[in-house]
Colleague: 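Just passing along the structure, written as structure tokens.
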Amino acid sequence: MHYFKYKNSELYAEDVPVSKIVEKAGTPLYIYSHKTFLQHLNAYKNAFNGYNHTICFALKANSNSAILRLLAKNGSGADVVSGGELFLALKAGIPAKKIVYAGVGKTDDEIAYALKSRILMFNVESADELKAINRVAARLGVNAPIALRVNPDIDPKTHPYISTGLKESKFGIPIEDALEHYRFAKKLSNIEILGIHKHIGSQITKIRPFVDALKKVLVLADNLQRSGINIKHLDVGGGLGIDYNNDSPPNPEDLSKAILPLLKKYNFNLIIIEPGRSIAGNAGILVTKALYLKHHPKKEFVIVDAGMNDLIRPSLYNSFHNIVPVRKNSRKKVNVDIVGPICESGDFLGKNRKINRVMQGELLAVMSAGAYGFTMSSTYNSRPRPAEVLVKGNKFFIIREREEYSDLDRRIKMPEFLK
Ligand SMILES: *Cc1c(COP(=O)(O)O)cnc(C)c1O
């Protein structure tokens with residue numbers, strides 16, 4: 001569900017015509033719907049209502065500070081994977097006690113920052129990291145609250161680049177080694193064991209992998225109990241898919257209905273859920289303008305002003321985003337590749353799309369671009385990053401200004417001898 005709909009052939013973001021926003025903010029442009037964000041967050045809240053829970057929004061999906069503030073004001077916590085994300089989460093007003101910190105490569109500085117901020121817990125991904133956290137915590141004279149991220153070796157049946165819970169994955173601790181790692185953690189003077197964490201991948205469109213992974217984790221919890229290690233918090237990670245192309249993914253309620261009954265005989269005092277994509281994904285679109293049309297003997301191209309530097313998912317994962325005209329028309333349907341201006345053959349937004357013929361200067365909307373869109377953007381080809389707009393009802397707000405050329409060399413220092 002989202003609030004980007006046509007009214008009289010015009011695409012609207014909530015109650016504002018997309019074309020009107022573009023007049024003010026230009027293209028390429030990310031547009032987000034306030035109401036859609038809230039609806040998705042509330043779906044999680046309602047689904048897990050019966051259990052003491054914290055919803056930790058995964059910042060890597062979308063870390064615009066205005067979006068984070070909106071989520072913070074509505075009770076969201078944060079799942080962060082870097083010091084930068086921790087900074088943004090705290091600054092947006094997300095309470096430290098609702099922040100969990102994952103990632104395979106935390107530095108000493110990042111660990112110290114998180115300890116001083118008093119986050120809820122670290123989701124630890126290796127024995128070396130446990131030692132590092134223990135060492136930094138000892139130096140600061142505090143105890144570090146941790147969960148171990150275990151890798152349950154479950155195939156989430158998604159793109160290999162976004163599968164994280166298989167044996168060959170760099171993430172987490174293999175579940176068969178977990179008990180030993182917990183025993184090791186227990187011996188460390190400045191480590192406080194709080195929980196178990198798992199996150200098996202992203203854009204998962206079936207419930208089964210979540211259930212299979214959880215069952216394995218619960219067997220581990222039993223084993224830990226028997227070894228005198230009490231687990232208080234269960235962090236089930238994120239990964240729920242969204243509808244990019246008739247995927248019909250489960251919703252948060254399907255997820256809670258499948259997993260909460262499994263927890264009956266356990267006395268966890270908190271369940272943590274870490275959704276990213278399923279909150280932000282279809283709460284945003286990327287609007288782009290057709291610059292040129294090009295006919296090759298075997299292909300027709302629409303060259304648009306948004307490229308892989310603005311939205312890399314099609315290039316990186318070959319992922320599908322629906323692409324629709326901002327103003328509907330009844331021209332003949334043609335088969336086209338919608339490509340960006342970047343000097344790379346891999347720079348495309350959509351291939352072999354059957355759409356009504358596009359004219360130069362017309363606007364197209366790349367749907368479901370609210371997650372892993374702007375956050376993965378770059379300035380490749382020295383293209384300033386796009387602006388971001390948040391729509392609320394009949395009002396819209398620029399929540400990130402478009403970068404300018406002068407942003408491209410902002411941090412450059414010219415050596416004296418080259419001046
Ligand atoms: C990326 C990530 C998430 C969010 O995944 P989504 O598929 O966007 O829900 C949650 N937890 C961890 C540890 C992650 O790395």
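In listed order, ligands and their atoms are each counted from 1. All values below were derived from every heavy atom in this structure, side-chain atoms included, with hydrogens, water molecules and symmetry-related copies excluded.
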Colleague: Tyr6 ring centre to Lys328 NZ or CZ under 6.0 Å, with the angle to the axis within 45°?
Modeller: yes
Colleague: I need the atoms of ligand 1 closer than 4.0 Å to a non-hydrogen atom of Tyr372, numbered in the order shown.
Modeller: 1 (C), 4 (C), 5 (O), 6 (P), 8 (O)
Colleague: With Lys106 as the cation and Phe122 as the aromatic partner, state whether NZ or CZ is under 6.0 Å from the six-membered ring centre and within 45° of the axis.
Modeller: no
Colleague: Only heavy atoms of Gly238, strictly under 4.0 Å: list the atoms of ligand 1 that pass.
Modeller: 9 (O), 10 (C)
Colleague: Can you report which non-hydrogen protein atom sits closest to atom 5 (O) of ligand 1, along with the distance?
Modeller: His199 CE1, 3.4 Å
Colleague: Could you tell me if Asp305 and Thr288 have a donor-acceptor pair between their side chains, going purely by distance under 3.5 Å?
Modeller: yes
Colleague: Counting only nitrogen or oxygen atoms and a 3.5 angstrom limit, does Lys60 reach ligand 1?
Modeller: yes
Colleague: With atoms numbered from 1 as shown, which atoms in ligand 1 lie under 4.0 angstrom from a non-hydrogen atom of Pro275?
Modeller: 9 (O)
Colleague: Can you name the atoms of ligand 1, numbered from 1 with element, that are less than 4.0 Å from a heavy atom of Ser202?
Modeller: 6 (P), 7 (O), 8 (O)
Colleague: Look at the side chain of Lys186 and the backbone N and O of His181, then say whether any donor-acceptor pair between them is shorter than 3.5 Å.
Modeller: no
Colleague: Taking the minimum heavy-atom distance to atom 12 (C) of ligand 1, which of Asp79, Asn62, Ile279, Ile200 ranks first?
Modeller: Asp79
Colleague: Show your reasoning for whether salt bridge (charged side-chain N to carboxylate O under 4.0 Å, His left out) applies to Lys299 and Asp337.
Modeller: CA-CA 8 Å; Lys299 270 261 178 249; Asp337 281 8; 3.4 Å; yes
Colleague: Kindly list each side-chain donor-acceptor pair under 3.5 angstrom involving residues 261-272, sequence neighbours excluded, with atom names and distances?
Modeller:
from   : atom 1 : to     : atom 2 : distance (Å)
Tyr266 : OH     : Leu218 : O      : 3.4
Tyr266 : OH     : Asp222 : OD1    : 3.4
Tyr266 : OH     : Asp222 : OD2    : 3.1
Asn269 : OD1    : His233 : ND1    : 2.8

Colleague: Report yes or no: does a heavy atom of Ala371 sit under 4.0 Å from some atom of ligand 1?
Modeller: no
Colleague: Using a plain distance cutoff, I'd like to know if Ala58 has any nitrogen or oxygen under 3.5 Å from a nitrogen or oxygen of ligand 1.
Modeller: no
Colleague: How far is atom 11 (N) of ligand 1 from the closest protein heavy atom, and which atom is that?
Modeller: Glu274 OE1, 2.6 Å
Colleague: Got a sec, which pairs hit ring pair (Phe, Tyr, Trp, His ring centres under 6.0 Å) with one end in residues 45-77, sequence neighbours left out?
Modeller: none
Colleague: As an exercise, identify every atom of ligand 1 less than 4.0 angstrom from a heavy atom of Arg277.
Modeller: 6 (P), 8 (O), 9 (O)
Colleague: Taking the minimum heavy-atom distance to atom 9 (O) of ligand 1, which of Ser278, Gly239, Gly241 ranks first?
Modeller: Gly239
Colleague: Any carboxylate oxygen within less than 4.0 angstrom of a Lys/Arg side-chain nitrogen, looking at Asp254 and Lys257?
Modeller: no
